[in-house]
Amino acid sequence: MDFITQALMEAWQAIQSFFQNIGQHLYDSFIYKNRYLYLVEGLGNTLLITLGAVLLGVILGTLVSLVRILHTQNPKKFRFLNGICRLYLTVFRGTPVVVQLTIMYYIVFAAYRGNPLVVAILAFGINSGAYVAEVMRSGIQSVDRGQMEAGRSLGLSNRMTMIKIILPQAFRNVAPAIFNEFIALLKETSVAGYVGIQDLTKGGDIIRSITYDPYPAMLTVAAVYLVMVIGLTAILSRLERRMGQSDKR
């Protein structure tokens with residue numbers, strides 16, 4: 001208990017010292033030598049990785065969900081592809097994303113000397129696809145089976161019925177869940193610094209390592225993440241309300 005008390009007292013003294021000289025702390029961390037640019041560049045990389053990974057995850061997840069649904073309809077024809085999809089889901093949902101990122105960067109793409117952001121987008125996108133796949137599968141299965149029969153009665157093939165009738169309704173049903181995956185992925189990209197990518201968190205850590213002052217940089221990083229998540233959550237809430245109103249019409 002004495003150790004905990006001493007640690008709390010030292011932390012409180014450090015906080016008091018920070019606020020007593022907050023102007024100098026902010027100047028040293030952000031203004032001097034334009035150190036704020038580390039955060040600006042990191043934020044840009046974070047958003048780029050997130051958007052690219054979400055796009056890849058939705059495409060990959062949709063394809064995997066279609067394979068799994070087609071397997072239930074025709075087990076013999078899609079047995080092999082379904083086995084690959086099940087293995088993919090098991091591996092990428094059962095291991096930490098930071099481990100997948102390091103394996104992708106240091107092993108799979110060890111000989112790649114291009115932009116590391118591409119590797120990060122692939123790693124996070126493939127990880128996200130494993131979760132989107134199950135979300136999309138539930139969305140497709142939530143569409144009434146009569147929709148497929150209606151499409152077939154209009155002369156559409158199974159493939160065209162799936163593309164033009166089933167998938168649009170499925171995407172609408174799971175849009176909030178996919179948006180939540182986007183929010184979660186935004187926060188997960190904070191581990192990109194493990195492979196030397198200057199994301200938002202890494203940018204704050206660079207400033208901290210230069211100034212030996214963790215408060216301005218890391219608290220600012222936390223605040224930026226919080227503002228982005230709050231903004232995205234507000235957009236999600238508005239989207240859900242609009243979808244609820246359209247359901248009542």
Rounded to the nearest 0.5 Å, what separation is found between the [atom1] atom of [X] and the [atom2] atom of [Y]?
X    : Y    : atom1 : atom2 : answer
I206 : L37  : CD1   : CG    : 11.5 Å
E41  : T46  : CD    : OG1   : 10.5 Å
Y106 : L101 : OH    : CG    : 8.5 Å
L185 : I178 : CG    : CD1   : 12.5 Å
L232 : L236 : CG    : CG    : 9.0 Å
L186 : L47  : CG    : CG    : 7.0 Å

* Asked: Does the pair R68 and T72 meet the rule for a side-chain contact (heavy atoms from CB on, under 4.5 Å), with working shown?
  -> CA-CA 7 Å; R68 299 205 64 197; T72 61; over 6 Å; no

Under 3.5 Å donor-acceptor, [X] side chain and [Y] backbone:
X    : Y    : result
Q169 : I165 : yes
S142 : G139 : yes
R35  : D28  : yes
S29  : L26  : no
Q198 : Y38  : yes

Taking the side chain as everything from C-beta on, heavy atoms only, tell me whether [X] gets closer than 4.5 Å to [Y].
X    : Y    : result
T95  : I103 : no
V119 : V195 : no
K187 : V229 : yes
Y105 : I197 : no
L51  : F182 : yes
I235 : F179 : yes
M136 : L66  : no
V118 : Y112 : yes

* With side-chain contact (heavy atoms from CB on, under 4.5 Å) as the test, would you mind laying out the steps for L60 and V132 before giving the verdict? => CA-CA 8 Å; L60 183 59; V132 172; over 6 Å; no

* **Salt bridge present between D199 and K202 (N-O < 4.0 angstrom)** => no

* Apply side-chain contact (heavy atoms from CB on, under 4.5 Å) to V224 and L39, showing your working. => CA-CA 10 Å; V224 172; L39 296 182; over 6 Å; no

* Structure fact -> residues 50-98 vs ring pair (Phe, Tyr, Trp, His ring centres under 6.0 Å), sequence neighbours excluded, gives Y88-F92

Looking at every heavy atom in both [X] and [Y], which two are closest together, and how far apart are they?
X    : Y    : result
L43  : M228 : CD1-SD, 3.7 Å
G52  : I121 : C-CG2, 3.6 Å
N127 : Y131 : O-CD1, 3.2 Å
P216 : F30  : O-CZ, 3.4 Å
V135 : A177 : CG1-CB, 3.7 Å
A133 : L89  : CB-CD2, 3.9 Å

* Check the pair K33, I210 against side-chain contact (heavy atoms from CB on, under 4.5 Å), reporting the backbone distance first and the verdict last. => CA-CA 11 Å; K33 293 186 177 180; I210 295 173; over 6 Å; no

Are [X] and [Y] connected, step by step, through hydrophobic side chains (Ile, Leu, Val, Met, Phe, Trp, Tyr) whose heavy atoms are closer than 4.5 Å?
X    : Y    : result
V221 : I230 : no
I166 : L63  : no
Y36  : M218 : no
L48  : L55  : no
I59  : L81  : no

